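Below is one structure; the comments refer to it alone.
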Protein chains: 2
Amino acid sequence: MGLQKPKHDVYQAIADPTRRQLLLLLQDAGELPLKEVTPHFAITRAAVSKHLHVLTDAGLVRERKVGRETRYRMDPDPLLELRRWLAFFDLYWENKLSALKLLVEEPEGEGPAEIGSDGGSSS
Amino acid sequence: MGLQKPKHDVYQAIADPTRRQLLLLLQDAGELPLKEVTPHFAITRAAVSKHLHVLTDAGLVRERKVGRETRYRMDPDPLLELRRWLAFFDLYWENKLSALKLLVEEPEGEGPAEIGSDGGSSS
DNA sequence: AAATTAGGATACCATATGGTATCCTAATTT
DNA sequence: AAATTAGGATACCATATGGTATCCTAATTT
């Protein structure tokens with residue numbers, strides 16, 4: 001009953017910079033209750049909570065109640081949709097900016113690592 | 001003079017479904033004047049124009065005046081930022097959803113592609 | 001030259017969005 | 001048991017957003 005139409009999709013969810021930061025924070029913190037998330041931002045607890053709910057609605061964050069606190073954890077799955085959408089433009093790049101692609105392959109300059117599995121793609 | 005702070009970034013620009021469609025349309029149409037873009041949507045010319053301006057502001061679309069018409073063309077460059085941002089979550093996936101990754105590699109499901117065969121990925 | 005056409009610029013509107021403040025309930029401490 | 005604490009729920013606010021309608025100017029047709 002009540003197939004909750006999500007109301008917020010991934011695209012919308014990541015449109016806000018605070019929410020993007022939230023994702024990164026949760027990503028390497030693992031799981032955090034609202035109380036510990038809040039001090040990382042300059043906005044009120046209520047505002048942070050709202051953002052987390054938007055993210056949850058979009059499926060990017062999972063809630064879990066533990067005692068009186070609610071712990072939030074990241075879930076990257078919905079980002080796959082974004083990836084797929086981005087893939088529509090891949091060919092475009094290969095035509096025009098093979099050089100810039102390098103920026104993608106090595107985000108920070110850690111190791112070579114060949115992310116992208118672009119291996120032996122036929123034309 | 002006037003370094004125009006963009007006001008719209010890529011994340012915001014692609015948050016709207018109409019704008020995402022616009023990008024796809026322009027991508028395979030190459031370059032179109034507003035007059036020809038409009039009929040693809042159920043909204044007014046003015047609304048389409050606004051969306052195109054948001055996209056232009058974000059750098060995803062280029063304008064070019066030709067006579068009395070303004071032609072719009074896609075520019076995928078800013079999407080690289082999105083890609084780089086997405087890359088932050090790559091490791092996450094490799095830990096949990098190596099299977100789903102296949103969905104990314106092949107957007108529409110053309111060939112069978114050995115789903116589940118975890119190949120020779122190191123730990 | 002007159003009529004038409006493309007599309008920018010405004011004004012305006014309803015709703016969404018990001019935020020605060022306040023209240024309330026359910027756990028947890030003391 | 002009383003006090004405290006975590007965080008949801010509301011009410012509310014200012015601004016952003018997506019959209020329409022209308023007007024205006026500059027090209028293009030006729």
Side-chain angles (χ1 to χ4, degrees), chain A residues 2 4-26 29-74, chain B residues 2 4-26 29-74:
Chain A
Q4 69 287 32
K5 194 168 293 179
K7 238 181 37 172
H8 288 108
D9 58 21
V10 202
Y11 303 96
Q12 236 177 302
I14 66 159
D16 184 273
T18 301
R19 276 187 309 256
R20 289 197 298 279
Q21 267 189 256
L22 274 169
L23 290 180
L24 291 176
L25 172 63
L26 289 180
E31 193 181 51
L32 291 178
L34 182 53
K35 192 193 54 161
E36 303 205 357
V37 174
T38 303
H40 287 86
F41 300 85
I43 56 183
T44 57
R45 170 182 59 83
V48 173
S49 173
K50 275 192 188 175
H51 281 306
L52 285 170
H53 287 329
V54 172
L55 289 170
T56 302
D57 195 33
L60 284 163
V61 158
R62 294 296 178 79
E63 296 183 15
R64 177 173 148 248
K65 297 219 64 170
V66 175
R68 65 178 158 181
E69 53 185 32
T70 309
R71 302 206 185 137
Y72 298 90
R73 183 165 37 89
M74 212 245 154
Chain B
Q4 69 287 33
K5 194 169 293 180
K7 236 180 41 175
H8 289 108
D9 58 22
V10 202
Y11 303 97
Q12 235 176 303
I14 66 159
D16 183 273
T18 301
R19 274 183 316 251
R20 289 197 297 278
Q21 269 190 253
L22 274 169
L23 290 180
L24 290 176
L25 172 63
L26 289 179
E31 192 182 50
L32 291 178
L34 182 53
K35 193 194 55 163
E36 303 205 357
V37 173
T38 303
H40 286 87
F41 300 85
I43 56 182
T44 57
R45 170 181 59 83
V48 174
S49 173
K50 274 191 191 177
H51 281 307
L52 284 169
H53 287 329
V54 171
L55 289 169
T56 303
D57 194 34
L60 285 163
V61 159
R62 293 295 176 80
E63 296 184 15
R64 176 172 150 247
K65 297 217 67 171
V66 175
R68 66 178 157 183
E69 53 185 31
T70 309
R71 303 207 185 135
Y72 297 90
R73 183 164 37 88
M74 211 245 154

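A note on names: the letters A, B, ... follow the listed sequences, proteins ahead of strands, and every chain is numbered from 1. The shown structure was predicted, so the numbers you read here are calculated from the model rather than taken from an experiment.
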CG of Leu26(A) to CG of Leu55(A), rounded to nearest 0.5 Å, is 8.0 Å
Across all chains, not counting sequence neighbours, the side-chain hydrogen bond (donor to acceptor under 3.5 Å, both in side chains) partners of Glu36(B) are none
Notebook entry, point to check: Looking at Glu69(A) and Lys35(A), does any basic side-chain N land under 4.0 Å from a carboxylate oxygen?
Noted result: no
Looking at Glu63(A) and Arg71(A), does any basic side-chain N land under 4.0 Å from a carboxylate oxygen? no
Next item on the list: Assign Tyr72(A) to base, sugar-phosphate, or nothing according to its heavy-atom contacts below 4.0 angstrom with the strands shown.
Entry: sugar-phosphate
Separation between OG1 (Thr70(A)) and CG (Leu32(A)), nearest 0.5 Å, reads 12.5 Å
Min and max contacting nt of DNA chain D in 5' to 3' order, chain B heavy atoms within under 4.0 angstrom, are dT17(D) to dT28(D)
In the structure I gave you, are the side-chain heavy atoms of His51(B) and Ile43(B) within less than 4.5 Å of one another anywhere? yes
For Leu34(B), does its backbone N or O pair with a side-chain atom of Thr38(B) as donor and acceptor, under 3.5 Å? yes
Q.
Categorize Arg71(B) for me: base, sugar-phosphate, or nothing, with a 4.0 angstrom heavy-atom threshold over every strand shown.
A. nothing
For Tyr72(A), does the six-membered ring have the charged nitrogen or CZ of Arg62(A) within the cation-pi criterion, i.e. under 6.0 angstrom from the centroid and within 45° of the normal?
no
Ranking Lys50(A) and Glu69(A) by the position along DNA chain D of their nearest nucleotide, the one closer to 5' is Glu69(A)
- Remember a base hit wins even if backbone is also touched, and classify Gln12(B) as base, sugar-phosphate or nothing at under 4.0 Å, heavy atoms. sugar-phosphate
Comparing Val54(A) with Lys65(B), nearest DNA chain C nucleotide closer to 5' gives the residue Lys65(B)
Applying the Watson-Crick and G-U criteria (both distances under 3.5 angstrom) with [ ] for crossing and | for other-strand pairs, one obtains for DNA chain C ||||||||||||||||||||||||||||||
Nearest-nucleotide check on DNA chain D, Thr70(A) vs His8(B); residue mapping nearer the 5' end is Thr70(A)
